[in-house]
Amino acid sequence: MSRVAIFVLLSLLGLATVGAEDPYLFFTWNVTYGTISPFGVPQQVILINDQFPGPNINCSSNNNIVVNVFNNLDEPFLFTWNGIQQRKNSWQDGMAGTNCPILPGQNFTYKFQVKDQIGSFFYFPSLGMHRAAGGFGGLRINSRLLIPVPFADPADDYTVLIGDWYTKSHKILAGLLDAGRTIGNPSGILINGRAGKDASGKDEEPLFTMEAGKTYRYRICNVGMKVSLNFRIQNHLMKLVEVEGSHTVQNDYESLDVHVGQCLSVLVTADQEAKDYYMVASTRLTKYMRVATGVIRYAGSSIPPSPELPPAPVGWAWSFNQWRSFRWNLTASAARPNPQGSYHYGSINITRTIKLVSSVGLVNGKRRFALNGVSHVDTATPLKLAEYYGIADKVFKYDSISDDPESNTPVTIAPNVLSATFRDYIEIILENPERSIQSYHLDGYSFFAAGMGFGKWTPESRKTYNLLDAVSRHTIHVYPRSWSAIMTTFDNAGMWNLRSAIWDRNYLGQQLYMSVVSPARSLRDEYSMPDSSLVCGEVAGMPKPPPYV
């Protein structure tokens with residue numbers, strides 16, 4: 001068939017689909033408790049359809065996702081979709097500030113579109129300390145057909161969920177934090193729910209298989225609670241191709257630091273001797289060491305992996321230099337993470353700078369974590385519902401923190417909500433005065449990870465920013481006694497959570513919400529509250545406001 005004939009055929013197919021909705025994918029998830037023993041200690045975990053980790057969602061850009069969740073736990077429950085932007089639709093974000101919880105014995109159906117996104121993400125339970133019990137899984141968004149991808153189709157596509165793990169139950173961990181104590185160090189590391197060794201010390205069954213000479217895609221996400229991890233594969237280089245929804249310049253790495261809440265994907269070619277090899281995930285920037293392994297098998301292999309594991313890097317300067325080597329691939333064709341075309345982000349005038357400084361302090365004798373002196377507490381009425389129903393003043397106060405905090409601000413407990421002007425281009429500085437690494441995630445957006453540096457941020461720090469090809473992503477780490485700078489356009493109306501991804505800090509208040517309101521109150525800018533939304537708190541029984549037009 002000639003090129004002209006192919007063009008005509010594709011044009012006719014395009015005409016035939018004009019006005020058609022994007023495809024729908026339907027899932028039914030039963031959330032229950034179960035028992036596993038990854039470190040030889042039986043413990044209660046959260047299962048989805050009897051699976052731990054939960055099932056992967058495998059979709060394509062612009063697909064509509066419908067997930068009917070049945071909560072068979074003895075506690076209220078919510079899922080959040082880490083990195084899914086929920087364009088105009090914070091109603092589906094699944095955070096305590098946007099959604100009423102799914103009560104025990106009830107169900108709720110999430111309906112959202114993965115609009116203009118590609119890449120590697122995950123979901124997890126957002127309430128309390130549920131994240132420590134499981135309930136997480138991978139979420140991949142493939143490019144649509146006919147959209148060029150800057151690498152050949154891999155032979156297979158594997159999801160690798162790495163994370164620290166505690167043998168104490170999520171309820172015990174929550175009780176420790178509520179009592180003002182710490183949860184301590186994790187018991188170990190899991191890779192796809194496995195520790196890598198059975199009770200006798202033998203390797204568990206291989207997680208993945210590769211055929212000699214073929215190339216595979218590995219999507220690696222740190223779904224843990226607290227600890228940055230380094231990931232590596234014996235004798236194999238990893239070619240970085242994507243970070244949190246953005247294609248990257250394709251550099252090769254022997255190992256990669258993956259901080260809490262972050263995802264990336266790599267290409268690995270099976271170009272070594274046909275045997276078994278270890279994947280290794282180990283703790284980074286900690287005084288203690290925890291290591292997990294998983295076996296990758298070359299097809300037909302009966303040779304076990306070498307017991308000599310590849311060494312982990314040392315120090316945070318190595319990690320910082322690796323972060324600086326990540327660059328956005330500006331020539332790749334794909335759904336742009338930011339539909340406003342702000343990949344020319346370096347030439348946009350900054351409208352507002354918000355500096356967020358983390359702190360820790362005692363309130364009524366118990367430890368709390370804060371941003372700019374305010375330690376967030378969730379409200380019985382979700383913030384988004386209170387705002388939509390016009391009773392925000394009964395539930396929370398806007399802007400209880402300033403954009404440029406004073407030092408040594410005492411910690412207070414309150415709902416922490418910042419108001420943002422719709423479509424403003426905002427710079428956010430995350431400052432970490434502590435000795436441990438931190439990690440932050442912003443719902444509803446991708447942002448440009450423009451800069452990092454040691455010490456306190458000053459306006460002079462902008463001279464060190466990457467204003468050309470910083471990766472557009474949704475999670476950023478902050479090294480000890482350092483700062484990180486991100487930039488984004490607040491063009492997605494809704495109520496959006498900015499949170500510490502380190503979950504004991506999050507649980508004890510190190511988070512806030514950005515209220516982004518369109519003055520037009522128009523469907524052009526935001527969807528109306530869905531009829532299926534759960535209501536609770538002050539708005540229960542109130543007449544529903546008129547929908548947007």
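All residue numbers in this chain count up from 1 along the given sequence.
Residue pairs satisfying the ring pair (Phe, Tyr, Trp, His ring centres under 6.0 Å) criterion with at least one member in residues 82-108, sequence neighbours excluded, are listed as follows: W91-Y388, F108-Y110. Within the structure, every pair that satisfies the salt bridge (Lys or Arg N to Asp or Glu O under 4.0 Å) test and touches residues 221-230, not counting sequence neighbours, is listed here: K226-D504. Pairs of residues two or more places apart, or lying in two chains, that qualify as ring pair (Phe, Tyr, Trp, His ring centres under 6.0 Å) and include a residue from residues 513-538 are H376-Y513.
For the ring pair (Phe, Tyr, Trp, His ring centres under 6.0 Å) criterion with F79, the lone passing option out of F136, W29, F122 is W29. Each of W496, Y445, F422, F447 was evaluated against F490; a single residue qualifies, Y445, per the ring pair (Phe, Tyr, Trp, His ring centres under 6.0 Å) test. Each of N506, I183, I502 was scored for a side-chain contact (heavy atoms from CB on, under 4.5 Å) with M225, with one residue passing: I183. No option in Y216, Y278, Y218 other than Y218 meets the ring pair (Phe, Tyr, Trp, His ring centres under 6.0 Å) test with F208.
For the pair Q113/D22, a side-chain contact is recorded, criterion being any heavy-atom separation below 4.5 Å from C-beta on. Two residues are said to be in side-chain contact when any heavy atoms from C-beta on lie closer than 4.5 Å; L256 and L264 meet this criterion. The shortest side-chain heavy-atom distance between V243 and S246 does not fall under the 4.5 Å cut-off. At least one side-chain heavy atom of I84 sits under 4.5 Å from a side-chain heavy atom of Q117. With contacts defined as side-chain heavy-atom distances shorter than 4.5 Å, the pair L383/T98 does not qualify. Residues S375 and F369 have side chains not in contact (no heavy-atom distance under 4.5 Å, counting atoms from C-beta outward).
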**OP:** Take N142 and N58, measure what side-chain hydrogen bond (donor to acceptor under 3.5 Å, both in side chains) needs, and give me the verdict at the end.
**Re:** CA-CA 8 Å; N142 305 297; N58 187 10; 2.8 Å; yes

**OP:** Apply salt bridge (charged side-chain N to carboxylate O under 4.0 Å, His left out) to D157 and R219, showing your working.
**Re:** CA-CA 8 Å; D157 196 323; R219 301 174 186 260; 2.9 Å; yes

**OP:** Begin from the C-alpha positions of V114 and I65 and carry the test side chain to side chain contact (heavy atoms under 4.5 Å, CB included) through to its verdict.
**Re:** CA-CA 8 Å; V114 289; I65 311 300; 4.3 Å; yes

Subject >> Trace of the side-chain hydrogen bond (donor to acceptor under 3.5 Å, both in side chains) decision for N497 with D443 >> reply: CA-CA 5 Å; N497 188 231; D443 281 347; 5.8 Å; no

**OP:** Walk me through it: do S120 and E242 pass the test side-chain hydrogen bond (donor to acceptor under 3.5 Å, both in side chains)?
**Re:** CA-CA 8 Å; S120 307; E242 177 253 335; 2.7 Å; yes

**OP:** Might you work through the side-chain hydrogen bond (donor to acceptor under 3.5 Å, both in side chains) test for T475 and H441, ending with a clear yes or no?
**Re:** CA-CA 4 Å; T475 305; H441 170 87; 3.1 Å; yes

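Looking at K88, its side chain never comes within 3.5 Å of a backbone N or O of A493 through a donor-acceptor pair. T421 places no side-chain N or O within donor-acceptor distance of the main-chain N or O of D424, the cut-off being under 3.5 Å. Checked by atom type and distance alone, the side chain of Q92 pairs as donor or acceptor with a backbone atom of K111 at under 3.5 Å. For the pair S228 (side chain) and R284 (backbone), a donor-acceptor distance under 3.5 Å is absent. A donor-acceptor pair under 3.5 Å is formed between the side chain of N222 and the backbone N or O of G224.
T159 contributes atom OG1, which lies 9.5 Å from atom CG of L139 (distance to the nearest 0.5 angstrom). For the atom pair NZ (K115) and CD (Q85), the distance works out to 11.5 Å, reported to the nearest 0.5 Å. S282 contributes atom OG, which lies 7.5 Å from atom CG of L229 (distance to the nearest 0.5 angstrom). The distance from atom CD1 of I476 to atom CD1 of I428, rounded to the nearest 0.5 Å, is 12.0 Å. Expressed to the nearest 0.5 Å, how far CG of N432 lies from OG of S358 amounts to 4.5 Å. Atom CZ of R194 and atom CG of L190 lie 11.0 Å apart (nearest 0.5 Å).
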Indicate every side-chain donor-acceptor pair of residues 44-56 with a distance under 3.5 Å to a residue at least two apart or in another chain.
unit_1, atom_1, unit_2, atom_2, d
N49, OD1, N30, N, 2.7
N49, ND2, T28, O, 3.1
N56, OD1, G138, N, 3.2

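Residues satisfying the side-chain contact (heavy atoms from CB on, under 4.5 Å) criterion with F26, sequence neighbours excluded, are Y24, V66. Taking the salt bridge (charged side-chain N to carboxylate O under 4.0 Å, His left out) definition, one finds that R297 meets it with D276, sequence neighbours left out. Residues passing the salt bridge (charged side-chain N to carboxylate O under 4.0 Å, His left out) test with D93, sequence neighbours excluded: none. In this view, E434 and R505 satisfy the salt bridge (charged side-chain N to carboxylate O under 4.0 Å, His left out) rule, not counting sequence neighbours. With sequence neighbours excluded, no residue forms a ring pair (Phe, Tyr, Trp, His ring centres under 6.0 Å) with Y166. The side-chain contact (heavy atoms from CB on, under 4.5 Å) search around K544 returns Y389, M529, D531, not counting sequence neighbours. Annotation: salt bridge (charged side-chain N to carboxylate O under 4.0 Å, His left out) contacts of R367 (sequence neighbours excluded): none. Looking at residues two or more places apart in sequence or on another chain, you find a side-chain contact (heavy atoms from CB on, under 4.5 Å) between A386 and T381, I391, V395, F396.
At a cut-off of 3.5 Å, with distance as the only test, no side-chain donor of Y33 or N72 sits close to an acceptor on the other residue. Between the side chains of N71 and N107, not a single donor N or O lies within less than 3.5 Å of an accepting N or O. Q438 and H477 form no side-chain donor-acceptor contact under 3.5 Å, judged by distance and modelled atom types alone. There is a side-chain donor-acceptor pair under 3.5 Å between T167 and S187. For the residue pair T489 / D491, no side-chain donor-acceptor distance below 3.5 Å is found, with atom types taken as modelled. Side chain to side chain, S419 and S515 fail the donor-acceptor criterion of an N or O pair below 3.5 Å.
Within 6.0 Å of NZ on K171 lie more than 12 heavy atoms contributed by other residues, nucleotides or ligands. Atom NZ of K197 has more than 12 heavy atoms from other residues, nucleotides or ligands within 6.0 Å. Residue N364 qualifies as open at atom CG: its count of foreign heavy atoms under 6.0 Å is 12 or below.
A salt bridge between R423 and D525 is present, with a side-chain N of the basic residue lying under 4.0 Å from a carboxylate O of the acidic one.
Note: F112 and W81 meet the aromatic proximity criterion, with ring centroids under 6.0 Å apart.
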